[in-house]
Amino acid sequence: MKNKLLFGFFVVRNSFLSQYTYRWQVLSKIVYGILLYVTQLFIWKSVNASVPKPIYNWETMSVYVMLSSIIGVFVAFDTNYIPVIGERVRSGDIALDLLKPYAMFYLLFCQYLGKCLFKFLFQFISQFLVILIISRAAFSIPLVNVAFFSVSVFLSILLFFALSMVLGILSFWVVSVGNLHIFLDSSITLFAGSIIPIWMIPEQLRWFYEILPFQYLFYKPISICLNTIELSNVCLIYAIQVGWIVALLAIAAVLYQRGIKKLTLFGV
C-alpha cells in the first residue's frame, strides 16, 4: 500500500509538472473562460430584457453563470481521458498496461488529479478572481453554501472522470474516439445545466434529465450554492453523486476486462 501511494504521488507530481509545457495554452483558456462568462451574461441579460415580464431573477442568473464558469474549468473538453485511452487502444500500448504493477485506472486517475491540481492553482484561481471583480455577486453567498458547493464540485470532478473512463473504454469497439469525445461534451452541454439551468426546462422533459448523471456535474452543485436546494437534502445529492461514480467505474472495469479479452483473442 505504501509503495502504491508513493507511486501515485510521483505520477500526480509528474502530471502536474508536465502542464508547465502548456503555459500559453492555459493563459488562452483563462481568457476564453472570462470571455465566455461575459458573453453569457450579456445573452441572458438581453433575453430577460426582451420579455415584458422577467422570467428569472437577474442576480441569481449572474451567480449561476459565474459558478458554471468555475466548474467548467475542470469539467471541460480538454480534461476528459477519452482520447488518451483511445490512443492507447489504437496503438496497442493498452496491452503493455497488463505488465505494469498498477492498474491503468489508477495510473490515469493520478494523472487526472495532477492535471486538475494544476488547473486549480493556475487557471481556476486567476479566472475566478477576474470574474469575481466583474460580478461581485459571490460576496452574497453564505460560506456554508460555498463549503457544501465545494464538496459537490469535487464529486462532480470525480464523476466526470468516471464518465470519461466508460466512454474511453468503448474505444475497444468504436473506430473513431473523436465521436465519443464529442458525444460527452455535447451531452454535458445539453443535459448538465452548464449553459441553460434545468429549472428552465419544461417539466414534460425534466424527467429525462433526472435519470441521467449529467445534472450532477453542474446543476446540482450550483443549486446547492444558490440555496435552491434545502441543505438537509445536500447529503442525498452527495450520495447520488457517489453512487453514480461507483456504478460508472464498475461498468468501466467490466468493459475493460472484456476489451482486454478481445485483444487477447486477436493475439495482441
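One-based numbering along the sequence shown.
Using a 4.5 Å heavy-atom threshold, the side chains of F214 and W244 count as separate. Between I30 and F122, every side-chain heavy-atom pair lies at or beyond the 4.5 Å cut-off. Considering only heavy atoms from C-beta on, V130 stays 4.5 Å or farther from Y37 through its side chain. In this structure, the side chains of P213 and Q241 stay at 4.5 Å or more apart for every pair of heavy atoms.
Closest heavy-atom contact between L248 and A162: CB-CB, 3.8 Å. Of all non-hydrogen atoms in K115 and S15, the two that sit nearest each other are N-OG, 3.5 Å. Closest heavy-atom contact between V73 and K119: O-NZ, 3.0 Å.
A 6.0 Å sphere centred on CD1 of I196 holds no more than 12 heavy atoms belonging to other residues, nucleotides or ligands. The neighbour count for L143 CG, taken as heavy atoms of other residues, nucleotides or ligands under 6.0 Å away, does not exceed 12. Dense packing is recorded around OH of Y238, with more than 12 heavy atoms of other residues, nucleotides or ligands lying under 6.0 Å away.
Clustering of Ile, Leu, Val, Met, Phe, Trp and Tyr by side-chain heavy atoms under 4.5 Å joins L35 with V31. Hydrophobic cluster of L36: the remaining members, joined at side-chain heavy-atom separations below 4.5 Å, are Y32, listed by chain and number.
Q111 is linked by a side chain to side chain donor-acceptor pair (under 3.5 Å) to nothing, counting only residues two or more places apart in sequence or in another chain. Residues satisfying the side-chain contact (heavy atoms from CB on, under 4.5 Å) test with F109, not counting sequence neighbours, are L113, L158, F161. Considering only residues two or more places apart in sequence or on other chains, P83 meets the side-chain contact (heavy atoms from CB on, under 4.5 Å) condition with N80, H181. In this structure Y64 satisfies the ring pair (Phe, Tyr, Trp, His ring centres under 6.0 Å) test together with W199, sequence neighbours excluded. I195 meets the side-chain contact (heavy atoms from CB on, under 4.5 Å) test with Q40, T189; sequence neighbours excluded. By the salt bridge (Lys or Arg N to Asp or Glu O under 4.0 Å) test, K29 is found to be paired with D78, residues two or more places apart in sequence or in another chain being considered. A search for side-chain contact (heavy atoms from CB on, under 4.5 Å) contacts involving S68 returns S194, F218, I222, not counting sequence neighbours. For Y256, the ring pair (Phe, Tyr, Trp, His ring centres under 6.0 Å) criterion is met by F105, not counting sequence neighbours. Checked against ring pair (Phe, Tyr, Trp, His ring centres under 6.0 Å), F191 has the following partners two or more places apart in sequence or in another chain: F208, Y209. Scored by the ring pair (Phe, Tyr, Trp, His ring centres under 6.0 Å) test, F120 finds F124 as partners (sequence neighbours excluded).
The structure places CG of L67 at 4.5 Å from SG of C225, a figure rounded to the nearest 0.5 Å. The line from CE of M165 to CG of L108 is 5.0 Å long, rounded to the nearest 0.5 Å. One distance of note links CD1 of I182 with OG of S187; it measures 11.5 Å at 0.5 Å rounding. The CD atom of E210 sits 7.0 Å away from the CD1 atom of I198 when rounded to the nearest 0.5 Å. In this structure, I237 CD1 and S156 OG are separated by 12.0 Å, a value rounded to the nearest 0.5 Å. The CG atom of L167 lies 6.0 Å from the CG atom of L180; values are rounded to the nearest 0.5 Å.
Only one option out of L159, L217, I224 pairs with S152 in a side-chain contact (heavy atoms from CB on, under 4.5 Å); it is I224.
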Checklist entry - Going through the checks in order, is the side-chain contact (heavy atoms from CB on, under 4.5 Å) test met by L17 and F118? => result CA-CA 8 Å; L17 295 176; F118 182 88; over 6 Å; no

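S171 places a side-chain N or O within donor-acceptor distance of the main-chain N or O of G168, the cut-off being under 3.5 Å.
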